Trainee: 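Below is one structure. I have some questions about it.
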Amino acid sequence: MTLSRLFQFRFKPVQPYNFELTVKKPAGWSWFTPYEKWERGTVWSGFWFGRVPIGVKARSAGRSVIVDVYSARKLPKDELARLEHQLSESLGVNDDLRPFYKLMRKHRMLKDIVKHLYGMHEGWGMNIFSSLTLAILLQMAPIKRSEEMWACLIKAHGKKISFDGQTIQLWPDERTIAKQSPHTLAKRCKLGYRAKFLVKMAKQLVAGFPSVEELAKMTPEAANEKLMELFGVGEYTAGFASPHPSFSLDVWSIKIFYPILFGKHAPAKDPRSGIKRANLAAEKMWGDWRGLVLVYVLNDLKYLADKFKVPIT
DNA sequence: GCGTCCAGGTCTACC
DNA sequence: GGTAGACCTGGACGC
């Protein structure tokens, strides 16, 4: 599908702000889709905005971020305003990180991370189904296998969009996945039990579900509860997809956070058992900033491993 | 080469 | 409401 240029948005981020660190995280996480392109300070990416595939070209210009928006059809004014708002949230341009940095600098293991990732912001995903799909494919699998699963799923069912001389492949949308047979999906992309989760969840979303914006207007707890009504979505997956910053620890990240929170390694036999205690300690230590602490830590793991012997594998 | 374990969770049945 | 056990798959590991 070929898209035409629709509009240009210009954002003035609250400083400090680093565009490259924000859209291209050091840990390798992409802005919207694993198949977006990055070249000399410019990113080409895309996402589903409701039923409409959207392409974006974004770059930094001085203290501004310029985003060109591409679409196959014109959007009414109110939709355009919604898109502008969601893009500003996806770039985190309205967030003042200074109180967060003040907090990070108090911790002996975290203070240097501020220097390494200064100006990196975290934003919303633009599409709930894409975020949930990613989280479900991360369940109970080493990262390499998760990558194989999403590569196959996007190749088989993701939409290709072309704009500004680039072709980007999007995550599959919920209407496409809702029509698939879980058995076929499981066999084709080796998704295992996750195929049933994806198809049932897609059907629930097609039947009607709050948008990212509506979830953002809820309290973090209410948004998580709503997300957990979806089949296959537990606390971890809901936290991953929620527009509210969340502190979603899993069996892997608890091993990293245990030394940061308690100064010792997680229980070797059953690391999962420490998750509840770690969540309470993080809330006490960092309050509402704990979600961003998680993002910063996961994007500077090599430093933590080298300097503090934190287990990262 | 073969069997077992387990990984960036969640659901279900059972108590 | 709390808690085992099952769920896909494939790589790592021990023998």
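This is a predicted model, so every value here is computed, not measured. Every heavy atom of this structure was used, including side-chain atoms; hydrogens, water molecules and symmetry mates were not.
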Trainee: Given atom NZ of A/Lys196 and atom C1' of C/dC8, what is their separation to the nearest angstrom?
Mentor: 11 Å
Trainee: For B/dG8 and C/dA4, measure between their P atoms and round to the nearest Å.
Mentor: 22 Å
Trainee: Tell me, please, which residues at least two apart from A/Phe209 pass side-chain contact (heavy atoms from CB on, under 4.5 Å).
Mentor: A/Leu205, A/Leu215, A/Lys226, A/Leu227, A/Leu230
Trainee: Once salt bridge (Lys or Arg N to Asp or Glu O under 4.0 Å) is applied, what residue pairs with a partner in residues 27-45 of chain A remain, sequence neighbours excluded?
Mentor: none
Trainee: If we ignore hydrogens and angles and just use 3.5 Å, is the side chain of A/Thr176 paired with the main-chain N or O of A/Pro172 as donor and acceptor?
Mentor: no
Trainee: Would you indicate what A/Trp150 reaches in the nucleic acid, counting non-hydrogen atoms under 4.0 angstrom: base, sugar-phosphate, or nothing?
Mentor: nothing
Trainee: Between A/Trp252 (side chain only) and A/Ile312 (backbone N and O only), is there a donor and an acceptor less than 3.5 Å apart?
Mentor: yes
Trainee: Can you run through DNA chain B from 5' to 3' and write each base as (, ), [, ], | or . depending on how it pairs? Watson-Crick or G-U wobble, both distances under 3.5 Å.
Mentor: |||||||.|||||||
Trainee: Base, sugar-phosphate, or nothing for A/Lys187, non-hydrogen atoms under 4.0 angstrom?
Mentor: sugar-phosphate
Trainee: What interatomic distance, in whole Å, is found between P of C/dA6 and the corresponding atom of B/dT4?
Mentor: 15 Å
Trainee: Using a distance-only test with no angle check, is there a side-chain donor-acceptor pair under 3.5 angstrom linking A/Lys12 and A/Ser64?
Mentor: yes
Trainee: Mind checking who shares a hydrophobic cluster with A/Ile168, ILVMFWY linked at side-chain heavy-atom distances under 4.5 Å?
Mentor: A/Met1, A/Leu3, A/Trp44, A/Trp48, A/Tyr70, A/Ile161, A/Phe163, A/Leu170
Trainee: Nearest to the side chain of A/Lys190 - C/dG10, B/dG8, B/dT10?
Mentor: C/dG10
Trainee: Partners of A/Asp164 by salt bridge (Lys or Arg N to Asp or Glu O under 4.0 Å), sequence neighbours excluded?
Mentor: A/Lys57
Trainee: Which residues pass the salt bridge (Lys or Arg N to Asp or Glu O under 4.0 Å) test with A/Arg277, sequence neighbours left out?
Mentor: none
Trainee: Rounded to whole Å, how long is the line connecting atom CG of A/Asn299 with atom P of B/dG8?
Mentor: 17 Å
Trainee: On a whole-Å scale, what distance lies between the P atoms belonging to C/dC8 and B/dC2?
Mentor: 25 Å
Trainee: For DNA chain B, which residues of residues 131-139 of chain A approach it to below 4.0 angstrom with any heavy atom?
Mentor: A/Leu138, A/Gln139
Trainee: I'd like to know if the side chain of A/Thr2 pairs up with that of A/Ser162 as donor and acceptor (distance under 3.5 Å, no hydrogens or angles considered).
Mentor: no
Trainee: Kindly indicate, with the supporting measurements, whether the criterion side chain to side chain donor-acceptor pair (under 3.5 Å) is fulfilled by A/Glu235 and A/Ser248.
Mentor: CA-CA 8 Å; A/Glu235 214 163 314; A/Ser248 291; over 6 Å; no
Trainee: Does a salt bridge link A/Lys302 with A/Asp306, judged by any charged N lying under 4.0 Å from a carboxylate O?
Mentor: yes
Trainee: Shorter than 3.5 Å, N or O on both sides, protein versus nucleotides 5-7 of chain C: list them out with atom names.
Mentor:
none

Trainee: Please determine whether a side-chain nitrogen or oxygen atom of A/Lys144 lies at a distance below 4.0 Å from atom OP1 or OP2 of C/dG10.
Mentor: no
Trainee: If you define the side chain from C-beta out and look only at heavy atoms, does anything of A/Gln204 sit under 4.5 Å from A/Glu174?
Mentor: no
Trainee: I want to confirm an ordering. Mapping A/Ile143 and A/Lys200 to their closest nucleotides on DNA chain B, which one lands closer to the 5' end?
Mentor: A/Ile143
Trainee: Does anything in residues 224-232 of chain A reach DNA chain B, meaning a heavy atom under 4.0 Å, and if so which residues?
Mentor: A/Leu230, A/Phe231, A/Gly232
Trainee: Quick test of your reading of the model: are A/Asp68 and A/Arg59 salt-bridged, counting only N-O distances below 4.0 Å?
Mentor: yes
Trainee: Hey, what are the protein-to-nucleotides 12-14 of chain C N/O distances that come in under 3.5 Å?
Mentor:
none

Trainee: Within the supplied structure, the quantity of interest is the number of heavy atoms (other residues, nucleotides, ligands) at a distance under 6.0 Å from A/Arg98 CZ; does it exceed 12?
Mentor: no
Trainee: To the nearest Å, give me how far apart CG (A/Leu153) and P (C/dC8) are.
Mentor: 17 Å
Trainee: When you measure from every atom of DNA chain B, which of residues 233-246 of chain A have a heavy atom less than 4.0 Å away?
Mentor: A/Val233, A/Gly234, A/Glu235, A/Tyr236, A/Thr237
Trainee: Please indicate whether A/His183 has more than 12 foreign heavy atoms, meaning atoms of other residues, nucleotides or ligands, lying under 6.0 Å from its NE2.
Mentor: no
Trainee: Would you mind writing out the side-chain donor-acceptor pairs for residues 13-23 of chain A within the sub-3.5 Å range, not counting sequence neighbours?
Mentor:
from: A/Gln15; atom 1: OE1; to: A/Tyr17; atom 2: N; distance (Å): 3.2
from: A/Tyr17; atom 1: OH; to: A/Leu91; atom 2: O; distance (Å): 2.8
from: A/Asn18; atom 1: OD1; to: A/Glu20; atom 2: N; distance (Å): 3.1
from: A/Asn18; atom 1: OD1; to: A/Leu21; atom 2: N; distance (Å): 2.9
from: A/Thr22; atom 1: OG1; to: A/Asn18; atom 2: O; distance (Å): 2.7
from: A/Thr22; atom 1: OG1; to: A/His121; atom 2: N; distance (Å): 3.0

